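Quantities reported herein were computed from a predicted structural model and do not represent experimental measurements. No hydrogens, no waters, no symmetry mates; every other heavy atom, side chains included, goes into these values.
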Amino acid sequence: KRENVEGLGNATISAEGPLDQGAFALVVGSSYAFVLNAGVSSFSVTARITDCTPSVAVDGVAVVSIEAVSNGTYTASIA
């Protein structure tokens with residue numbers, strides 16, 4: 001496990017989206033595998049959730065904001 005080691009890169013993930021409280025199982029402090037796809041680019045990382053903030057948008061929709069920091073190796077590729 002690699003955390004805050006000088007000279008080694010890390011990834012920080014910030015995401016926001018709709019909140020389904022019945023299906024929401026993320027826990028702050030736990031690690032999860034994230035796969036981010038954007039067109040022909042792909043990025044996969046195992047990251048520890050550092051912040052999870054639920055809120056309600058102006059239109060009444062429940063949303064959640066998540067922040068996570070990588071805690072191991074990660075890869076990026078362009079297909």
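Looking only at side-chain heavy atoms (C-beta outward), V64 and T53 stay at 4.5 Å or farther from each other. Within the 4.5 Å cutoff, the side chain of V56 has no heavy atoms near those of the V61 side chain.
We find the CG-OG distance between L36 and S41 to be 11.0 Å, quoted to the nearest 0.5 Å. Between the OG atom of S30 and the CD1 atom of I49 there is a distance of 7.5 Å, given to the nearest 0.5 Å.
Between R48 and G29 the shortest heavy-atom distance is CG-O, 3.5 Å.
Side chains of S65 and E16: a donor-acceptor N/O pair is present below 3.5 angstrom, by distance only.
At distances below 3.5 Å, at least one donor-acceptor pair connects side-chain atoms of Y32 with backbone N or O atoms of V27.
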Worksheet item: Passes side-chain contact (heavy atoms from CB on, under 4.5 Å), T50 versus V28? Steps please.
Response: CA-CA 6 Å; T50 57; V28 172; 5.8 Å; no
